[in-house]
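First up is the structure itself, then whatever we jot down about it.
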2 protein chains.
Amino acid sequence: MEDIDRQIVVLLAGDGRMSFTDLARETGLSVSAVHQRVRRLQKRGVIKGYSAVLDHEAVGLPLTAFVSIKPIDPAAPDDAPEKLAHLDEIEACHSVAGEESYILKVRVTSPGALEELLQQIRAAANVSTRTTVVLSTPYEGRPPRL
Amino acid sequence: MEDIDRQIVVLLAGDGRMSFTDLARETGLSVSAVHQRVRRLQKRGVIKGYSAVLDHEAVGLPLTAFVSIKPIDPAAPDDAPEKLAHLDEIEACHSVAGEESYILKVRVTSPGALEELLQQIRAAANVSTRTTVVLSTPYEGRPPRL
DNA sequence: GCTGAAAGGCCCGGGCA
DNA sequence: TGCCCGGGCCTTTCAGC
């Protein structure tokens, strides 16, 4: 991937609804050339999709937390991601190096809902949990530099 | 915010480029009614923006890590987010409860780049760091349920 | 707040350099 | 590849209810 593709990717990471016309102006290419490149980037999977960026407080999910999980039985097969996928409060699941096996990012309506969610996580995946509550988020989802 | 707004928000969180025509079909409203609602949701800040979802491996940032930071001098004013904002490798910064003060999510090209970034973080914000490397990401950025 | 229509702009093919 | 062009769809606005 070379320079103009990088530029397109960064622009769309910053504004996912930027029009092809604006993209063309920014890159110095014609509209159809940009169009072609974006299609290729999507087809190759470099751009996996588009998403609205939400204000989680405004949509009623003001409490964010990171939940690190560790299997109770280290010998059991590790399919925690599948077993937890049905819980919509889990926004992301990362397999990590270190003492714990996964870090989950969760969003809930209230401390009570967090408590309930943690119980569901422990029961569904047979894990212990360690939770870090987010107090505020100075920034999030910044576009990369490339 | 009521039911149809919620529905629109979830749909756009799942596909940020969904057309107003499709949105209208899904919600059962007319195109202009949907358009009006989306504009209002944006104006109110419920929808903060739109973003392309990238394959970070494909764009050349295959290494993700969580970096927890703690001030060296607990008495010093805590302006770590501002002092770190210039580092583009930092995708997100969360202030958290617990032993550490912030959790950063970073994306870099290589272990070497991570090492260098950690030095920059420690130097820029006068903090100690604890790093958890991400091995794989089963899922990320899932839309909420609402 | 919703509807419907109308104008303008944008998307997105095909064809050619 | 990148550019030009044309048809069709989408966006956006504006009365009218």
Side-chain angles (χ1 to χ4, degrees), chain A residues 1-62 109 140-146, chain B residues 1-62 109 140-146:
Chain A
M1 211 180 59
E2 39 63 272
D3 209 44
I4 293 185
D5 280 342
R6 261 184 256 272
Q7 204 181 338
I8 291 173
V9 165
V10 171
L11 287 167
L12 284 175
D15 176 6
R17 293 202 100 164
M18 182 175 287
S19 73
F20 289 82
T21 310
D22 290 345
L23 238 31
R25 185 180 305 114
E26 293 286 332
T27 57
L29 265 59
S30 76
V31 172
S32 46
V34 169
H35 187 257
Q36 200 169 295
R37 280 169 179 266
V38 172
R39 278 181 60 87
R40 217 182 48 203
L41 288 167
Q42 289 176 164
K43 191 175 170 188
R44 286 186 190 165
V46 177
I47 295 174
K48 292 198 285 187
Y50 300 89
S51 165
V53 180
L54 307 182
D55 181 330
H56 293 92
E57 306 209 355
V59 299
L61 295 169
T109 57
E140 189 177 10
R142 300 202 305 175
R145 186 167 45 81
L146 303 188
Chain B
M1 210 181 59
E2 39 63 272
D3 209 43
I4 292 185
D5 279 344
R6 260 184 259 272
Q7 204 181 336
I8 291 173
V9 164
V10 171
L11 286 167
L12 284 175
D15 177 7
R17 294 202 99 161
M18 183 176 285
S19 73
F20 289 89
T21 310
D22 290 345
L23 238 32
R25 186 180 302 116
E26 295 285 332
T27 57
L29 264 60
S30 73
V31 172
S32 44
V34 169
H35 186 256
Q36 200 168 296
R37 280 169 179 266
V38 171
R39 276 181 60 87
R40 214 183 49 203
L41 288 167
Q42 290 174 166
K43 190 175 171 188
R44 288 186 188 164
V46 178
I47 295 174
K48 293 197 285 188
Y50 300 89
S51 164
V53 179
L54 307 182
D55 181 331
H56 294 91
E57 305 209 356
V59 301
L61 295 169
T109 58
E140 189 176 12
R142 299 202 305 174
R145 188 166 46 81
L146 304 186

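Numbers restart at 1 for each chain; the letters A, B, ... are given by sequence-line order, proteins then strands.
- When the local axes at the two ends of the helix from C:dG1-D:dC17 to C:dA17-D:dT1 are compared, using 5 base pairs at each end, they differ in direction by 30° after rounding to 10°.
- DNA chain C is contacted by B:R40 of residues 38-52 of chain B, taking any non-hydrogen atom closer than 4.0 Å.
- In this structure, A:S51 and B:V53 approach most closely via the heavy-atom pair CB-CG2, 4.0 Å.
- B:L29 has its CG atom 15 Å from the P atom of D:dT11, to the nearest Å.
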Table of protein N/O atoms under 3.5 Å from nucleotides 4-8 of chain D N/O atoms:
residue : atom : partner : partner atom : Å
D:dC4   : N4   : A:S32   : OG           : 3.1

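- The separation between B:D15 atom CG and D:dC10 atom C1' is 15 Å, rounded to whole Å.
- With sequence neighbours left out, the side-chain contact (heavy atoms from CB on, under 4.5 Å) criterion links B:P143 to B:A13.
- Nucleic acid contact class of B:A33 (heavy atoms, under 4.0 Å, all strands): base.
- Here salt bridge (charged side-chain N to carboxylate O under 4.0 Å, His left out) pairs that include residues 39-60 of chain B, with residues two or more places apart or in two chains, are B:D5-B:R40.
- Shown here are the side-chain contact (heavy atoms from CB on, under 4.5 Å) partners of A:Q42, two or more places apart in sequence or in another chain: A:V38, A:I47, A:Y50.
- A search for salt bridge (charged side-chain N to carboxylate O under 4.0 Å, His left out) contacts involving B:R142 returns nothing, not counting sequence neighbours.
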Give me the distances for all protein-to-nucleotides 15-17 of chain C N/O pairs that come in under 3.5 Å?
none

Table of protein N/O atoms under 3.5 Å from nucleotides 8-11 of chain C N/O atoms:
residue : atom : partner : partner atom : Å
C:dC11  : OP1  : A:F20   : N            : 3.2
C:dC11  : OP2  : A:F20   : N            : 3.3

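- With sequence neighbours excluded, the residues forming a ring pair (Phe, Tyr, Trp, His ring centres under 6.0 Å) with B:H35 are B:F20, listed by chain and number.
- With sequence neighbours left out, B:R25 forms a salt bridge (charged side-chain N to carboxylate O under 4.0 Å, His left out) with B:D22.
- By the salt bridge (charged side-chain N to carboxylate O under 4.0 Å, His left out) test, A:E26 pairs with no residue at all, sequence neighbours left out.
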